[in-house]
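Here is the structure we will look at, set down as structure tokens.
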Amino acid sequence: MAYDEGLAERIREQLGADPDIAEKRMFGGIAFLYRGNMAVGVTGDDLMVRVGPDATDAALARPGARLFDMTGRPMRGWVVVAGSAVAEDDVLGEWIDEGRAFAAGLPPK
């Protein structure tokens with residue numbers, strides 16, 4: 001499955017040269033890991049964000065967000081945001097910050 005390379009590049013630009021960030025192909029797309037834990041990624045034309053179980057409901061209330069469900073088993077703590085909902089850089093940045101903040105609270109891998 002191909003992924004939106006333009007969205008991936010916008011994420012790279014927002015993350016900058018953070019040495020704690022690594023890229024890895026996952027879920028048929030690309031993931032951006034913070035200290036080994038996935039923070040955000042791109043699958044198809046959409047943004048994946050790891051928000052954590054406690055922030056799932058609030059995340060789902062935001063425009064374009066839906067529960068991550070790749071295998072028929074929805075995963076609380078992960079959301080997918082429609083690419084059209086992150087067309088503005090400030091909105092994309094908010095999602096990136098949320099994903100990185102959750103990943104930063106996890107033990108490094």
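Given the structure is predicted, the values throughout are model-derived calculations rather than measurements. Quick note: numbers below take in every heavy atom, side chains included, and nothing from hydrogens, waters or symmetry partners.
Using a distance-only test at 3.5 Å, with no hydrogens or angles considered, no donor-acceptor pair links the side chain of T43 to the main chain of G29. Side-chain atoms of Q14 never come within 3.5 Å of backbone atoms of I96 as a donor-acceptor pair (strictly under, hydrogens ignored). Looking at D46, its side chain never comes within 3.5 Å of a backbone N or O of V80 through a donor-acceptor pair.
By the side-chain contact (heavy atoms from CB on, under 4.5 Å) test, N37 is found to be paired with R50, A103, L106, K109, residues two or more places apart in sequence or in another chain being considered. Residues satisfying the side-chain contact (heavy atoms from CB on, under 4.5 Å) criterion with E94, sequence neighbours excluded, are R62.
Taking 4.5 Å as the limit, some side-chain heavy atom of M48 sits within range of a side-chain heavy atom of F68. Contact check for Y34 versus D18: side-chain heavy atoms found under the 4.5 Å cut-off.
Here the closest non-hydrogen pair linking A59 and V79 is CB-CG1, 4.0 Å. For A85 against P63, the heavy-atom pair with the smallest separation is CB-O, 3.5 Å. Scanning both residues, V51 and A55, for their nearest heavy atoms gives O-CB, 3.4 Å. Heavy atoms only, all atoms of each residue included: I30 and Y3 are closest at CG2-CE1, 3.5 Å. The two atoms that bring P74 and L67 nearest to each other are CB-CD2, 3.3 Å, heavy atoms only.
In the displayed structure, E5 atom CD is contacted under 6.0 Å by more than 12 heavy atoms of other residues, nucleotides or ligands.
Between R76 and D57 there is a salt bridge, since a side-chain N of the basic residue sits under 4.0 Å from a carboxylate O of the acidic one. Remark: E13 does not engage R10 in a salt bridge, criterion side-chain N to carboxylate O under 4.0 Å.
Atom-to-atom distance recorded for K24:NZ and F32:CZ is 14.0 Å, nearest 0.5 angstrom. One distance of note links CG of D97 with CG of L15; it measures 9.0 Å at 0.5 Å rounding. Taking CG of D45 as the reference point, atom CG of L7 lies at 8.5 Å (rounded to 0.5 Å).
Linking Ile, Leu, Val, Met, Phe, Trp and Tyr whenever their side-chain heavy atoms come within less than 4.5 Å leaves F102 and V49 in two separate clusters.
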- Query: How far apart are the C-alpha atoms of D20 and R100, what are their side-chain angles, what is the distance that settles it, and do they pass the salt bridge (Lys or Arg N to Asp or Glu O under 4.0 Å) test?
  - Reply: CA-CA 10 Å; D20 290 320; R100 183 169 25 189; over 6 Å; no

- Which is it for V86 and W95 under the side-chain contact (heavy atoms from CB on, under 4.5 Å) test, yes or no, and what are the steps along the way? CA-CA 8 Å; V86 292; W95 282 111; 3.6 Å; yes

